[in-house]
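Working notes, structure below.
This chain uses plain numbering: 1 for the first residue, then up along the sequence.
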Amino acid sequence: QVQLVESGGGLVQPGGSLRLSCAASGVIFSIYTMSWYRQAPGKQREMVATITSGGIKIYADSVKGRFTISRDNTKYTVYLQMNSLKPEDTAVYYCRAPIGDWGQGTQVTVSS
């Protein structure tokens, strides 16, 4: 019964920014570790960023210093602020809770 809906993706130029949102329902959001994953064409899905219930943040080396994960428990939403975007950031981005299926994700395309 967990439902996660990603939004905020789009087309952006290299060096640009996007903020992704993940709205949750059917989940005890405040106690869950939440993560953002991405999958690029021909690549395996990888963890991009994680935030624990206590606010501890973990990032993939490839995005450190550029991406920021945050959460607003009152809105049952997790965010991914992406700055200084690179073409290699192009992927479908998914949010993930400990329970539930993968959703459709949101497409991020970084291209000039």
Side-chain angles (χ1 to χ4, degrees):
Q1 298 188 139
V2 176
Q3 182 71 36
L4 302 173
V5 179
E6 302 95 339
S7 63
L11 175 64
V12 65
Q13 292 183 306
S17 298
L18 286 172
R19 189 177 77 157
L20 307 184
S21 298
C22 174
S25 62
V27 59
I28 307 175
F29 186 81
S30 64
I31 67 171
Y32 277 11
T33 291
M34 298 293 294
S35 297
W36 284 97
Y37 287 75
R38 69 185 181 188
Q39 187 166 27
K43 302 285 188 178
Q44 293 185 327
R45 185 153 47 199
E46 64 173 340
M47 193 277 291
V48 175
T50 293
I51 184 167
T52 71
S53 61
I56 303 300
K57 300 174 182 180
I58 304 168
Y59 298 97
D61 287 342
S62 59
V63 307
K64 284 181 180 177
R66 300 188 298 119
F67 290 10
T68 303
I69 189 171
S70 62
R71 65 195 299 164
D72 186 340
N73 291 340
T74 68
K75 298 180 179 179
Y76 313 107
T77 302
V78 61
Y79 304 95
L80 186 67
Q81 179 67 46
M82 305 185 295
N83 299 326
S84 302
L85 283 162
K86 304 175 180 179
E88 51 262 46
D89 295 319
T90 296
V92 177
Y93 284 71
Y94 306 86
C95 60
R96 185 68 171 170
I99 301 173
D101 296 328
W102 295 96
Q104 293 299 116
T106 185
Q107 176 72 48
V108 172
T109 302
V110 185
S111 176
S112 59

| query | Given the rule that I, L, V, M, F, W and Y join up when any side-chain heavy atoms are under 4.5 Å apart, are Y76 and I69 in one cluster? | reply | yes
| said: For residues Y59 and V78: do they belong to one hydrophobic cluster (side chain heavy atoms under 4.5 Å, members Ile, Leu, Val, Met, Phe, Trp, Tyr)? | reply: yes
Nearest 0.5 Å, please: how far is [atom2] in [Y] from [atom1] in [X]?
X   : Y    : atom1 : atom2 : answer
D89 : S111 : CG    : OG    : 12.5 Å
Y94 : L20  : OH    : CG    : 12.5 Å
S70 : R19  : OG    : CZ    : 7.0 Å
T77 : M34  : OG1   : CE    : 9.0 Å

| query | Only one of T90, V63, V108, V92 clears side chain to side chain contact (heavy atoms under 4.5 Å, CB included) with R38; which? | reply | V63
| Looking at M82, E6, R96, E46, which one forms a side chain to side chain contact (heavy atoms under 4.5 Å, CB included) with W36? | E6
Determine the minimum heavy-atom distance between [X] and [Y], stating which atoms define it.
X   : Y   : value
K57 : I51 : CE-CD1, 4.0 Å
Q81 : S17 : NE2-CB, 4.0 Å
A91 : A40 : CB-N, 3.8 Å
L4  : A24 : CD2-CB, 3.5 Å

| query | Are Y37 and W102 close enough that their ring centers fall under 6.0 Å? | reply | yes
| field | Qualifying residues under side-chain contact (heavy atoms from CB on, under 4.5 Å), relative to T50, sequence neighbours excluded | value | T33, S35, M47, I58
| task | Could you list the residues that satisfy ring pair (Phe, Tyr, Trp, His ring centres under 6.0 Å) with Y79, not counting sequence neighbours? | result | none
| field | D61 and K64 ion-paired at < 4.0 Å | value | yes
